Amino acid sequence: MPTFRVTRYVLSYGAVKTAGERPFPWHSIILVFDPDGRPPVSDAVVLFTPSNSLGNMNTPNRLTAYLPVEDFDTYHRILQTESPVFAEWTEDNGGRLTSFYLKTQEEPVGEGPVDRSEGPG
């Protein structure tokens with residue numbers, strides 16, 4: 001299962017309209033991997049569309065994943081708040097994407113934002 005450290009990312013937003021259909025929104029995140037990473041890929045394009053199917057279109061040195069648009073905020077939040085972040089995926093024997101996700105390294109329990117609200121006492 002390939003795993004690469006994400007070193008940078010680029011966001012984009014847009015809409016696509018096919019003949020006779022209403023435009024549908026899409027968001028994308030381009031993940032740039034650690035320069036020490038080795039093929040099969042050097043970056044990944046993660047497209048968030050209204051489709052609920054996980055699919056991919058591989059081109060040389062690039063992985064393209066299609067994920068539900070509802071997942072965009074979660075992926076974006078991980079990239080904004082966590083470090084380091086790794087992209088990991090699996091493919092079937094035909095090279096079709098079967099899973100794609102972001103993950104972090106092991107972290108201590110209780111790590112997170114500090115509660116600065118005034119409490120009792």
Side-chain angles (χ1 to χ4, degrees):
M1 154 175 348
T3 302
F4 289 89
R5 182 175 180 174
V6 177
T7 56
R8 292 175 285 133
Y9 67 95
V10 178
L11 302 178
S12 61
Y13 304 88
V16 175
K17 181 179 181 180
T18 56
E21 294 184 12
R22 293 178 40 181
F24 64 86
W26 60 266
H27 308 331
S28 74
I29 299 175
I30 299 175
L31 305 173
V32 181
F33 298 131
D34 189 319
D36 293 334
R38 302 286 182 260
V41 297
S42 60
D43 63 1
V45 177
V46 185
L47 295 171
F48 297 87
T49 68
S51 169
N52 287 324
S53 62
L54 176 70
N56 71 319
M57 177 182 65
N58 286 335
T59 57
N61 296 325
R62 173 171 277 179
L63 174 81
T64 303
Y66 296 90
L67 302 176
V69 70
E70 296 83 17
D71 293 344
F72 175 81
D73 287 336
T74 302
Y75 278 75
H76 188 206
R77 190 173 313 113
I78 290 169
L79 291 166
Q80 286 180 312
T81 61
E82 298 294 331
S83 182
V85 174
F86 298 87
E88 191 166 290
W89 64 92
T90 58
E91 298 176 359
D92 65 15
N93 291 338
R96 300 278 309 158
L97 200 65
T98 55
S99 70
F100 179 88
Y101 54 95
L102 298 180
K103 69 178 193 175
T104 63
Q105 290 182 329
E106 186 174 306
E107 299 178 23
V109 174
E111 179 187 40
V114 176
D115 182 1
R116 299 196 188 283
S117 63
E118 292 186 30

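What you see below is based on every heavy atom in this structure, not just the backbone, and it leaves out hydrogens, waters and symmetry mates. Residue numbers start at 1 and run along the sequence shown. Please read these numbers as outputs of a predicted model, since none were measured by experiment.
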Residues in side chain to side chain donor-acceptor pair (under 3.5 Å) with Thr104, at least two apart? Glu107
Residues two or more places apart in sequence or in another chain: which of them pass side-chain contact (heavy atoms from CB on, under 4.5 Å) with Ser12? Trp26, Ser28
Heavy-atom nearest pair, Leu31 first then Ala87, reads CD1-CB, 4.2 Å
Working note: His27 + Leu11, criterion side chain to side chain contact (heavy atoms under 4.5 Å, CB included); need CA distance, chi angles, decisive distance, verdict. CA-CA 7 Å; His27 308 331; Leu11 302 178; over 6 Å; no
Those residues at least two apart in sequence (or on a different chain) that pass side chain to side chain donor-acceptor pair (under 3.5 Å) with Ser83 are none
Check whether Thr3 reaches the backbone of Glu88 with its side chain - one donor and one acceptor, N or O, closer than 3.5 Å. no
Could you list the residues that satisfy side-chain contact (heavy atoms from CB on, under 4.5 Å) with Asp92, not counting sequence neighbours? Arg96, Thr98
Candidate pair Ile78 and Tyr101, rule side chain to side chain contact (heavy atoms under 4.5 Å, CB included), full reasoning: CA-CA 11 Å; Ile78 290 169; Tyr101 54 95; over 6 Å; no
Sole residue of Leu67, Leu79, Val10 in side chain to side chain contact (heavy atoms under 4.5 Å, CB included) with Ile29: Leu79
Results of side-chain contact (heavy atoms from CB on, under 4.5 Å) for Asp71 - residues two or more places apart only: Phe48, Pro68, Tyr75
Kindly determine whether Tyr66 and Phe100 satisfy side chain to side chain contact (heavy atoms under 4.5 Å, CB included), including the steps that lead there. CA-CA 9 Å; Tyr66 296 90; Phe100 179 88; over 6 Å; no
Residues that Phe86 engages under ring pair (Phe, Tyr, Trp, His ring centres under 6.0 Å), provided they are two or more places apart: none
Just how far is it from atom CD of Glu82 to atom NZ of Lys103, taken to the nearest 0.5 Å? 13.5 Å
Phe72 vs Tyr13 aromatic rings, parallel, tilted or perpendicular, using cut-offs 30° and 60°? perpendicular
